[in-house]
Structure formats: structure tokens, C-alpha cells
Amino acid sequence: MFLVVSCLLYERIIISQTPHLLEVKTSRHFPNPNVDVLSFSVSHTGASIEMSNFSVNVPQLSSLYSTQTPKVRMNLCADQVFDKMLLWRDMATKTRFPSCSAAESPDLRKSNKRRSLRMIKCRAAGADGGRVAVGDDVFSVTTSSKYEVDYLGQSTKGDLNLKLDPLQSFGDGQATLEGPIEEVARTEAQAAENLIRELGIQGPFSAQHSPRGIFCSRTLNLRSISAIGYDMDYTLMHYNVMAWEGKAYDYCMENLKSMGFPVDGLAFDPELVIRGLMIDKEKGNLVKADRFGYVKRAMHGTKMLSNKAVSEIYGRELVDLRNQSRWEFLNTFFSVSEALAYAQMVDRLDDGCISEDLGTLDYKGLYKAVAKALFRAHVEGQLKSEIMSKPELFVEPDPELPLALLDQKEAGKKLLLITNSDYHYTDKMMKHSFNKFLPNDMDWRDLFDMVIVSARKPEFFQMSHPLYEVVTGEGLMRPCFKAETGGLYSGGSAQMIESSLNVHGDEILYVGDHIYTDVSVSKVHLRWRTALICRELEEEYMALIGSRGHREELIELINQKEVVGDLFNQLRLALQRRSKGRPAQTLAATNLDDQELTETMQKLLIVMQRLDDKIGLMLESDGELFNKRWGFLSRAGLWDKSHLMRQIEKYADIYTSRVSNFLNYTPFMYFHSQEQSLAHDSPLQDAGMEN
């Protein structure tokens, strides 16, 4: 078996990625009628290898593929292919590495500043150079008109099917697929694990158990998705929170100062707030609630409230996000600067520092003033103009993201960009974030089948607005009545997209960072499938691992208190019955000496009180590795979920920290939701084990 590497391009290129990845240079095309290859220069961690016209004997491949199927074809990225070549030492020693002359290898960086990824085709051919039936000769794809529903209720549209007889197509290898499916599956699953490991590919299960996993709330067959829509800000593009939100905060403070508010001495401190909190505009508080709406932690102004104060204020009421006149949910990073400015202004109001010239202000009126000041910073364009002038100061680039989108596009998905940002800002920021990582002089627009700017979400998903086509680079627009593939538009509606692309409902996956604007509304009104981007998941994942010892100790103390407390309660009941002249629960308890009963209860009570003090302190510090004030993003207390996590589970089918995490999976992934435990599950399992 031989490995023949051929490049699909016929020009000089340079492939440059992040420092820890490969840098691949090609010098020229060799028009060999037998073997169509390029001369490669591969640099990897300082080692340089040059190669040209070659065939490489790869004995390892014989163990990866059945001897009955010596001819296979696969598409890999340049860095993947050459990484395998460096790892497979036996293959590397059999490869000829002639040097390239200086004349043949000029400085290629000038001609390729915007190319980072080149796809090459790697095929294994038999010794006779023949080919077997591949692609359309063997496989067919389930179409929209012929799909069915699988055993989990998911559409089979997009599934790959065999055209040939499943056994006859393998020739002599059909015996390996005969027999009980349980045995066949066990064998093939083990072989698949071995192959994934030998190929150096990260499997979806290992990817899931990592900070950059994709987590599933509702089963999703990605193969059945025809179109994937993306939000831009904090979705396709991640901002440096300190820089972006810090600048938004600065402009907000300037506007508040011009309105007469005292802002001197205040500074941006993102640790004061996290996503998922709620602003109580009536009481001037920021609160964190559990999945039921009960407030677990609260901060008045910038001062955290005690558990007793929280109980006195919120013990008899629940957070109801439908009451928008009172509650403001911090859905996204964009809420950080607003919540922080509001908390600091509450302190100034309580201290009597706000001038009476501004009128009589309560906490709700104060919130309106802060929201107005921040809105001005966005609308007047100062903030975005500064970011557009120096995007490198505000945007954290992700070189892996374009490849993830290319995989989806090449898999037949229609990609959409739907953003509330205007055309000029979108074009500037997308060019900065995408173009330098795209191959073949691609522009960011080439990735998307349709681009919608100034979309006015969430109304975009609920009602129709006039549609305009952006027709010039300067952003000039003209009225438009129908969107076309490849177009750039402003306004419009989600129904317009469905009609133009002929895809509807659960054929569309929408990916965004805003629980309400992106995820909730698109699901509730259109039944689109949804994915939430929550960058903080990476930090929280690591914080949970770091807190494992703390939580184990805490749980052990709680279990010990439960055992001690159960005995105390039984003795208390025995004492109660004894005082009423009735026998205790058991004969032994009835015969207990009065002094022994009293002393035992006293000892147990002292132990429980000391445990309470210890557990209370440990509970307060639980989650400090993520945020010292608010604890973990997804949790409210030791075992319960936060209100934010409940919203994510309810409205987001999948959630992850960044879009490029799709690269660790495939465009054909079948995401399975995990088993949901119930309060009565454990006793049933224990009872089954005892029986």
C-alpha cells in the first residue's frame, strides 16, 4: 500500500498558522503524468523537511484498513497530514527529502499574507494504481423528501446510505460483519477506537469531557441540519472583556458625568458581576437565583448581603423575568458594564452624593439613567468607531474558527450571518477576524450563503421588517423584496430566510451568545434548533476541577451531619413521646435512662452546631475559584442549578464555549442528551442492588 500526497493548488503558497501549528510552504507544481504532487517544505517546531515527487510506503496503513479494501480516500488538512508523517517514523524514513535551491524557494510571505489553510488530498492507492468505487458510486444521502425519523425522534435527513449490498460490497470481508450484531458491534467499536487513536484524532467523547466540549441538552442530529445561522458579537467574534466592556464603561461614565452624576473615583471592575445575575430595579440589588427563582445571593450596590438579609428581603418572593419593569437579566457580556455602573451608582445614591438638581431618583429611575448613558455610547458611534480604528486591541482572534465553518460549508450546510451590528462595523470586524485565516484569498463573505446586518433581533424572529440590499462597499442600500443566496442584506425577517433558502424550523441551527435575543426567541417562535456560546464555560470547567477536593470534603461533612442529625431527631421524638406518657419508637429507646437520653442529645446538638458553622463557611467559599462573590456560573448552592443554567437547558439544544469547538467534532455529529437523574432514581437503584 502506498500513500500519494497531492495538492489541489497550482501556485506558490505559504501556510502559516499559530506558532504551535505547522508552517507549510509549497514551491512549485510538478506536472508528472503518473503522480501529481507538489514540492513541500514543512517546518515543525524548528525542524525543516523538504520533499518533492514521492511515493511513501506506509506499512502502518495496512493495520488501519481491512486487507480486502486496500484503496481508500480521505480529505485531511495540511497540518494533519504532515503531523502524521512526523509521528509515523517508519513512513518518514522511507520518504526522499531532496533539498530545494534558494532560487526555487523565494520569500513567499509577501505573496501569502492572507492564506493560512490549504486543503490537500491524501489517497491510498493499491499497488496496481487502480481505484475502487467511492463517493457517489457507493453512498447516497437521505434527502429532505425521503427522510424518516429514527428511534430518538430525530430526522434522518442527511444520513449517508449504502447503494451497494452492505455485505457484498466488502467481498471476502463480509464474514467480519456476520453474526449477532452485539458481537459485531463490540468488535467494530474496539477497532474504531484503535483507529481513532492511531490516526491521532480526538474522539467526540474525549472532546466532550474537556473545557472546550460541546454539551447537549436536547438530542440533535447535526446531519439533518440544512442551514446554520451565526450571531457575530461574542459568537463568531470574541472580544477582550476588559478592553471592550471597559471602554463601554468609560463612555457610560462620561455620559453620566455630562448628565450631572458623580462618577469621580469609580473604576471598571468586572469581578463585581457575572453573566446570569438579575438586576432588581426596585431595590437596587443584583441577585443570583436558583432554577426555581429563589434568590441565593444578593448584592446591594457593591456590598454583598448576608444570608439573613437575603432571606428577609426575598424569602417570600420569586424572581419572575416576565416582570420586565422590575427585573433585568444579564444575558451576555454586554451586560457587564451596565450592571457594574448601576451598582456603583446605587452606592452614590445611598450616600446622598447625587445632586437634587437631577430630581427625585429611586433605584428604578437610576437604572433608566444608567441604561440611557450606555445606550448613547452605542448609538452615537463613539465606542464602535474607536474599536474599528484599532480592532487588534479589542478582538481575540481564533485561527481555528474559519476551518470549523469551512467544514460545515463543505458538508453542504448553508451558512448565515445574522447580526444586529451595522454593515460598516460588521465588515470591518469580520475582515479583521477572518480574512487572514482563510485560504485561497477567500473573503469572509465567501463563507456565508447569506448575510443579514442590522437585523433588529429579537424582532427579526417575531415579525417582518423592510428588507434592503447592501449594494456598495460604502454601505449604500436599495429596497429589496426577495433575498437571494449570496446576498448581503439589512433588516428583513427570519421567515424571509426560510422562504429564500427553502429551509424551515428544525432544519436550521442558530448559534448565538444571548439567551433571549438569540436562543429563546428563535426556538419559541420558529422552532429553530439552537446553540448557545458561553465563553465562561472554559474557566468554570477548570474551576470545578480545582474545587473537587473542597466539594468532596463539604459533602462528607454534610453526610456526617445527616447521620448525627437523624439520631438526634429520633431521640428528640422519643423524649417527646416520653413526656406525653407514650412509648418510644422501639423498646430499646423506651428503656433509655433519662440522663443518658439528655446527655446524648446535648452532645449531638453541640456536634451539629459546630458542623453548621463549618459547613456554612465552606458553602460561602464554594465557587470562589470562579468568582469570589457569586460562585459558579451554572450553580446556585452545592447541588442546585442556577437560573441561568435552567434557561440554557430550556432553550439551548447544545451549548459550548466557542464556535471553533465544532472542529473537535464533525459536521455529521449526532449529539445525545445525557440521562436526567430524578430525586427517586437513587433509592430505586439501591433497592435493585440489594435484591
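A quick note: this is a predicted structure, and the numbers were derived from the prediction, not measured. Atoms considered below: every heavy atom in the structure, side chains included; atoms not considered: hydrogens, waters and symmetry mates. When a residue number appears, it is its place in the shown sequence, counting from 1.
Annotation: side-chain hydrogen bond (donor to acceptor under 3.5 Å, both in side chains) contacts involving residues 614-624, sequence neighbours excluded, comprise Arg551-Asp622.
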Can you list the steps and then say if Ser522 with Phe461 is a side chain to side chain contact (heavy atoms under 4.5 Å, CB included)? CA-CA 6 Å; Ser522 61; Phe461 299 113; 3.9 Å; yes
Yes or no on side chain to side chain donor-acceptor pair (under 3.5 Å) for Glu198 and Asn194, after CA distance, side-chain angles and deciding distance? CA-CA 6 Å; Glu198 292 184 47; Asn194 294 337; 5.8 Å; no
Could you walk me through whether Gln585 and Leu573 satisfy the side chain to side chain contact (heavy atoms under 4.5 Å, CB included) test, starting with their C-alpha distance in whole Å, then the side-chain angles of each, then the deciding distance to 0.1 Å, before giving a yes or no? CA-CA 8 Å; Gln585 301 93 306; Leu573 179 59; 3.4 Å; yes
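Ring geometry, Phe671 versus Tyr665: the interplanar angle falls from 30° to 60°, so the pair is classed tilted. The aromatic rings of Trp528 and Tyr510 sit tilted relative to each other, their planes meeting at an angle between 30° and 60°. Phe292 and Tyr294 have perpendicular rings, their planes meeting at more than 60° on a 0 to 90° scale where under 30° would count as parallel. Note: Phe268 and Tyr249 have tilted aromatic rings, judged against thresholds of 30 and 60 degrees for the angle between ring planes.
Judged by the 6.0 Å distance and 45° axis criteria, Arg275 is positioned over the aromatic ring of Phe333.
Between the side chain of Asp653 and the main chain of Arg218, no donor-acceptor pair closer than 3.5 Å is present. Using a distance-only test at 3.5 Å, with no hydrogens or angles considered, a donor-acceptor pair links the side chain of Thr656 to the main chain of Gly213. With Asn661 contributing its side chain and Ile214 its backbone, the two residues share no donor-acceptor pair below 3.5 Å. Counting only distance, with no hydrogens or angles, the side chain of Glu338 and the backbone of Ala371 share no donor-acceptor pair below 3.5 Å. Between the side chain of Asn569 and the backbone N or O of Gly565 there is at least one donor-acceptor pair closer than 3.5 Å.
Residues Asp518 and Ile533 fail the side-chain proximity criterion, which asks for heavy atoms closer than 4.5 Å. Contact check for Leu321 versus His643: side-chain heavy atoms found under the 4.5 Å cut-off. For the pair Arg578/Leu597, a side-chain contact is recorded, criterion being any heavy-atom separation below 4.5 Å from C-beta on. Taking the side chain as every heavy atom from C-beta outward, Arg297 and Val287 never approach each other to under 4.5 Å. Using a 4.5 Å cut-off on side-chain heavy atoms (C-beta onward), Ile225 and Leu220 make contact. Contact check for Asp506 versus Arg527: no side-chain heavy atoms found under the 4.5 Å cut-off. Side chains of Trp630 and Lys296 form no contact here, defined as non-hydrogen atoms less than 4.5 Å apart.
Taking the six-membered ring for Trp and the full ring otherwise, Tyr363 and Tyr342 have centroids separated by 6.0 Å or more. A distance of 6.0 Å or more separates the ring centres of Phe215 and His209. Side-chain rings of Phe334 and Tyr234 approach one another, their centers coming within less than 6.0 Å.
For Glu540 and Arg535, the salt-bridge test fails: no basic side-chain N is under 4.0 Å from an acidic carboxylate O.
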